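Heads up, the thing below is written out as structure tokens.
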Protein chains: 2
Amino acid sequence: MPWPTTRKQETRKKILKSAVRLFANKGFHNVSLGEVMRDAKLTHGAFYAHFSSKQELYKEAVYAATEDSPLAGILRESDGNLSFEKIVKTYLCEEHVEQKVSPCPLAAFATDVSSLDGDAKNAYSHVFEGLLEILQTRSGGEFPDRQSAMSLAALMIGGVVVSRALKDEEVIHELLEACIAKASQIIK
Amino acid sequence: MPWPTTRKQETRKKILKSAVRLFANKGFHNVSLGEVMRDAKLTHGAFYAHFSSKQELYKEAVYAATEDSPLAGILRESDGNLSFEKIVKTYLCEEHVEQKVSPCPLAAFATDVSSLDGDAKNAYSHVFEGLLEILQTRSGGEFPDRQSAMSLAALMIGGVVVSRALKDEEVIHELLEACIAKASQIIK
DNA sequence: GTCTATAAACTGATAGAC
DNA sequence: GTCTATCAGTTTATAGAC
């Protein structure tokens with residue numbers, strides 16, 4: 001049996017991928033473990049061979065979502081250096097709002113994390129600091145300070161979170177464009 | 001029986017007040033109707049004399065939260081004209097993040113609304129347009145345009161939403177201060 | 001309009017066969 | 001490691017007494 005661990009980790013990854021999508025779409029309490037496992041083509045009894053509880057799954061989903069997030073994708077493609085404009089436009093776009101791409105957990109999981117335990121908050125905080133670092137060091141040439149990066153992160157996350165709650169697609173477009181336009185004013 | 005309607009509306013308001021606080025703290029799916037009614041000193045059987053479903057309660061809670069929100073409070077006190085600084089600092093403060101004051105539904109309900117039905121999205125959108133109007137017309141003298149108001153709203157809501165998901169109080173303080181500091185740059 | 005009682009469905013988690 | 005079966009608890013919503 002040369003690769004037993006790998007086989008298990010692949011199943012684990014499949015569960016996490018389903019969890020990220022479902023949690024992002026419907027929220028922690030409105031997703032059952034049965035639904036997650038069904039989505040991953042397994043039965044719900046098998047869940048506890050991979051995670052000890054639903055809360056642990058959520059914490060791991062925060063990290064898993066980070067690896068597949070829109071920004072992680074363009075970071076990999078770019079050899080570590082990105083234009084400021086590319087970062088902002090990749091985040092504040094309709095595809096991300098509608099979750100046609102794997103969503104950033106900072107936007108999709110924020111409210112859930114507020115009402116969950118310390119582990120989830122720790123994971124969220126860790127990912128948030130990661131975004132600040134990207135904004136401060138990887139945005140080509142401009143290098144905003146920590147204060148600018150923080151408010152920029154709030155603007156980006158807020159823009160996506162609010163867009164997801166709005167009804168009218170035209171207003172959503174207007175909001176995303178407004179955030180993109182004003183983002184550059186923040187780092188000056 | 002001179003005021004039978006009033007009596008009923010007071011009970012209704014009591015239910016809504018409990019609903020706002022609980023939904024904001026724990027989220028739609030993690031609050032049961034029994035819990036709401038218990039908080040309002042009633043039994044859960046009485047719920048359906050006031051609302052037809054939990055989703056209808058949520059929609060009404062969005063509007064009820066608006067009336068008690070931090071901005072509605074300072075608007076009433078100020079004869080309709082507020083300094084831009086006062087608005088931003090009233091919203092982006094620890095008391096609002098920790099929900100020691102009745103919270104703004106745009107921050108507390110955003111993620112829940114994303115996964116709920118059209119009625120909830122309509123209510124959210126309506127309240128959001130109300131915030132834009134306040135930012136555009138009530139902020140003394142400066143009168144930002146719609147684009148500035150939109151990005152300012154995203155910054156304010158994002159700042160509160162992210163703060164609630166973070167672990168470290170010092171980072172939360174830093175984030176709120178950063179958003180306050182950069183808010184004024186947006187409307188210029 | 002509020003209560004108690006209950007229906008019908010679903011939840012997270014566990015036990016044991018394979 | 002995955003399955004089926006099941007437990008005990010909770011959920012929204014309804015029915016009927018007062």
Side-chain angles (χ1 to χ4, degrees), chain A residues 1-23 25-62 64 109 112-113 115-117 119-120, chain B residues 1-23 25-62 64 109 112-113 115-117 119-120:
Chain A
M1 287 191 285
W3 319 109
T5 309
T6 305
R7 187 81 48 102
K8 181 176 177 183
Q9 281 181 353
E10 274 171 19
T11 306
R12 186 188 149 98
K13 272 193 181 178
K14 213 164 63 174
I15 297 171
L16 278 170
K17 194 176 175 180
S18 297
V20 166
R21 198 174 53 78
L22 289 167
F23 283 146
N25 264 312
K26 311 174 68 174
F28 179 79
H29 294 99
N30 200 31
V31 174
S32 69
L33 294 181
E35 194 177 359
V36 172
M37 298 302 280
R38 222 175 301 129
D39 192 273
K41 313 287 182 198
L42 296 160
T43 57
H44 68 278
F47 174 80
Y48 293 92
H50 298 274
F51 305 94
S52 67
S53 70
K54 191 183 178 185
Q55 302 228 351
E56 196 203 321
L57 171 67
Y58 194 87
K59 182 191 71 180
E60 295 300 322
V62 173
F109 294 174
D112 271 341
V113 168
S115 66
L116 287 174
D117 63 10
D119 281 354
Chain B
M1 287 195 286
W3 319 110
T5 309
T6 305
R7 188 76 53 102
K8 180 175 177 182
Q9 281 181 352
E10 276 171 16
T11 305
R12 186 189 148 98
K13 273 193 180 179
K14 214 164 62 174
I15 297 171
L16 278 171
K17 195 177 174 180
S18 296
V20 166
R21 198 173 53 78
L22 289 167
F23 283 147
N25 264 311
K26 311 173 65 174
F28 179 79
H29 294 101
N30 199 32
V31 174
S32 70
L33 294 181
E35 193 177 359
V36 172
M37 297 302 278
R38 221 176 301 129
D39 192 272
K41 314 287 183 197
L42 296 160
T43 55
H44 69 276
F47 174 81
Y48 295 93
H50 299 274
F51 305 93
S52 67
S53 69
K54 191 182 178 184
Q55 304 228 349
E56 196 203 324
L57 172 66
Y58 194 88
K59 181 192 73 181
E60 294 301 321
V62 172
F109 295 174
D112 271 342
V113 168
S115 65
L116 288 174
D117 63 11
D119 281 352

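These numbers were taken from a predicted model, which means no experiment stands behind them. Worth knowing before you read on, the calculation uses all heavy atoms, side chains too, and leaves out hydrogens, waters and symmetry mates. Each chain gets a letter, A, B and so on, in the order the sequences are listed, and its residues count up from 1.
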* **Rounded interatomic separation in angstrom, taking CZ from B/Arg38 and P from D/dT11** => 8 Å
* **A/Phe51 CZ to D/dG1 P, straight-line distance once rounded to whole Å** => 12 Å
* Indicate, with a heavy-atom threshold strictly under 4.0 Å, whether A/Ser32 touches base, sugar-phosphate, or nothing. => sugar-phosphate
* To do: Could you tell me whether the phosphate oxygens of C/dT2, OP1 or OP2, come under 4.0 Å of any side-chain nitrogen or oxygen in B/His50?
  => yes
* Starting at NZ of A/Lys54 and ending at P of C/dC10, how long is that distance when rounded to a whole Å? -> 15 Å
* **Spacing of B/His29 atom NE2 relative to D/dT10 atom C1', expressed in whole Å** => 15 Å
* How long is the line joining CD of A/Glu10 and C1' of D/dG1, in whole Å? -> 14 Å
* Structure fact -> Result for 5'-nearest mapping on DNA chain C, choosing between B/Ala46 and A/Gly45, is B/Ala46
* Asked: Are any of B/Thr11's side-chain N or O atoms less than 4.0 Å away from OP1 or OP2 of C/dG1?
  -> no
* Which part of the nucleic acid, if any, lies within contact of A/His44, taking any heavy atom under 4.0 Å across all strands shown: a base, the sugar-phosphate backbone alone, or nothing? -> base
* Could you tell me if the ring centre of A/Phe109 sits under 6.0 Å from that of A/Phe28? => no
* To do: Look at all strands and tell whether A/Val31 reaches a base, only sugar-phosphate, or nothing, counting heavy atoms closer than 4.0 Å.
  => sugar-phosphate
* **Separation of atom CD in B/Glu35 from atom P in D/dG9, rounded to whole Å** => 18 Å
* Pairwise distance CD1(A/Ile15) to CD(A/Glu10) - rounded to 0.5 angstrom -> 12.5 Å
* Asked: If you measure from the Lys or Arg side-chain nitrogens to the Asp or Glu carboxylate oxygens, is any gap between B/Lys17 and B/Asp39 under 4.0 Å?
  -> no
* May I ask you to verify if any side-chain N or O of B/Thr43 is less than 4.0 angstrom from the OP1 or OP2 atom of C/dC3? => yes
* Test side chain to side chain contact (heavy atoms under 4.5 Å, CB included) applied to A/Leu57 and A/Leu16, step by step -> CA-CA 7 Å; A/Leu57 171 67; A/Leu16 278 170; 3.9 Å; yes
* Asked: Which part of the nucleic acid does B/Phe47 contact within heavy-atom distance under 4.0 Å: base, sugar-phosphate only, or nothing?
  -> nothing
* **Audit row: A/Val113, A/Tyr58, side chain to side chain contact (heavy atoms under 4.5 Å, CB included) steps and yes/no** => CA-CA 9 Å; A/Val113 168; A/Tyr58 194 87; 3.9 Å; yes
* Atom pair distance, as rounded to whole Å: CG in B/Leu42 and C1' in C/dC3 -> 10 Å
* **Length of the line joining A/Asn30:CG and C/dA9:P, which is rounded to integer Å** => 19 Å
